[in-house]
Amino acid sequence: MEFDHVTVLLHEAVDGLNINPDGIYVDATLGGGGHSGLILSKLRDGHLYAFDQDQTAIDYNQEHLAQYVQNQHLTFIKSNFKNLRSTLAEHGVTHIDGIVYDLGVSSPQFDDAKRGFSYQHDAKLDMRMNQQQKLSAYEVVNEWPYERLVKILYRYGEERFAKSIARSIEKHRQEAPIVTTFQLVDVIKEAIPARARRHGGHPAKRTFQAIRIAVNDELGVLETSLEQALDLLEVGGRISVITFQSLEDRLVKTMFREKTTLQDVPAGLPVVPVEMQPDFKLVNKKPIEPTQAELTHNHRAHSAHLRIIERIK
Ligand SMILES: C[S@@+](CC[C@H](N)C(=O)[O-])C[C@H]1O[C@@H](n2cnc3c(N)ncnc32)[C@H](O)[C@@H]1O
């Protein structure tokens, strides 16, 4: 079985976890198993729980990482990582030594035309990472009211023609449902002035990103999961998060900043008591970005940012 995905920031994200060979680790986004494989190669008595909400990724790694399943160092969990705490608890796990998130879709998901993620392939509107989920891009495009469409296009796509695109969607779907990615691309193109279409990449890029984020509730599940991961972390344990777009990165940056800065210290205290000091520290002040060498051989690495946090008490 093929799974053509080149892992981004492989060593940086895994080295950033400072692996304890006997520790309990989580890969929140198994995909093609690149990060999982490297974590597993560093374990002695430790264990890795690997999450993916897409059965295709689990099926592939049942083969690809079979040796680790056989020697009982690896457990697959087919679930959204927003269920991190409850799902780990079902496996008797209440603390972890580290977790990696490599967000977004994998290359096979993106390149598989029938998953409907790409404006470059004609397919039914879909964009569900979890193929059992009910909400797909079709419902968002054909059923969500105008105001809700405008909101997601602005918020998740940072699309300045949000209103005009939402209006165009409304107009077309009154005549007949918008069924395919290429139909949606035409509807978007019609709404963007010709002048603007010549700049800023493909005219459908921001709208497709916005719909994908909405379908999979990508920012909501990330926030929920990170809160749980921070709680589950042992002292010395770390979280590595790789993001691919500015909204996600801002969310991670803000959460990590809140957790690593002093809160509500009364003015004039000469020494901050230990119990008031933050429980976490940033491992790197600035996000880690791919090297030029990585960018040259993996175009998906563009815009990747890695942030790492550690529990210190
Ligand atoms: C970028 S790929 C991960 C690639 C992987 N690190 C590797 O080295 O091959 C992201 C994967 O995470 C999964 N995923 C994204 N969001 C998820 C979520 N909320 N819960 C569970 N899996 C998720 C996707 O289905 C996809 O397979």
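Quick note: residue numbers are just sequence positions, from 1. Indexing begins at 1, ligand by ligand and atom by atom, following the structure's order.
We find that K259 and E227 are joined by a salt bridge, their nearest charged nitrogen and carboxylate oxygen being less than 4.0 Å apart. Ion pairing between a basic and an acidic side chain is recognised when a charged N comes within 4.0 Å of a carboxylate O; E158 and R250 show such pairing.
Considering both main-chain and side-chain atoms, V105 never comes within under 3.5 Å of ligand 1 through any nitrogen or oxygen pair.
Using a 3.5 Å distance cut-off with no hydrogens or angles, the side chains of E139 and S136 do pair a donor with an acceptor. Looking only at atom types and distance, the side chain of R300 has a donor-acceptor partner in the side chain of H5 under 3.5 Å away. Side-chain contact annotation: H172 with E190, donor-acceptor N/O pair under 3.5 Å present.
Listed for the R307 side chain is no donor-acceptor partner under 3.5 Å among the backbone atoms of S240.
For the side chain to side chain contact (heavy atoms under 4.5 Å, CB included) criterion with D54, the lone passing option out of R128, Q109, Q132 is Q109.
When each atom of ligand 1 is checked for a heavy atom of S79 under 4.0 Å away, the hits are 20 (N), 21 (C). Atom numbering of ligand 1 starts at 1 in the shown order; those under 4.0 Å from a heavy atom of G33 are 7 (C), 9 (O). Here is the list of ligand 1 atoms found below 4.0 Å of a heavy atom in D54: 25 (O).
Remark: minimum distance from atom 10 (C) of ligand 1 to any protein heavy atom is reached at G104 O, 3.2 Å. With hydrogens left out, the protein atom closest to atom 12 (O) of ligand 1 is T29 CB, 3.2 Å, a heavy atom. At the shortest separation from atom 5 (C) of ligand 1 among protein heavy atoms lies L30 O, 3.3 Å. With hydrogens left out, the protein atom closest to atom 9 (O) of ligand 1 is G32 N, 2.9 Å, a heavy atom.
Residue contacts with ligand 1 leave out S36, since none of its heavy atoms falls under 4.0 Å from the ligand. Heavy-atom distances between L103 and ligand 1 reach below 4.0 Å in at least one pair. Residue-ligand proximity: R300 is placed with a non-hydrogen atom under 4.0 Å from ligand 1. Contact between K82 and ligand 1 is absent, with no heavy atom of the residue lying under 4.0 Å from the ligand.
Ring pair Y119/F208 is perpendicular by interplanar angle, where above 60° counts as perpendicular and below 30° as parallel.
Contacts between D27 and ligand 1 below 4.0 angstrom, taking non-hydrogen atoms only, are absent altogether. At a heavy-atom cutoff of 4.0 Å, ligand 1 is contacted by no atom of S225, backbone or side chain. Contacts with ligand 1 closer than 4.0 Å are made by side-chain heavy atoms of V221 only, the backbone lying farther away.
No continuous path of ILVMFWY side-chain contacts below 4.5 Å connects F256 to V283, so the two sit in separate hydrophobic clusters.
For atom 20 (N) of ligand 1, the choice among F51, F81, Y60 with the nearest heavy atom turns out to be F81. Of the listed options N80, D52, T7, D52 places a heavy atom closest to atom 26 (C) of ligand 1. Of the candidates Q53, M129, Q55, the one placing a heavy atom closest to atom 22 (N) of ligand 1 is Q53.
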**Message:** For D126 and R115: C-alpha separation, side-chain torsions, deciding distance, then whether salt bridge (Lys or Arg N to Asp or Glu O under 4.0 Å) applies.
**Reply:** CA-CA 6 Å; D126 188 332; R115 302 293 299 264; 5.6 Å; no
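Considering NZ of K42 and OH of Y25, their distance stands at 10.5 Å, rounded to 0.5 Å.
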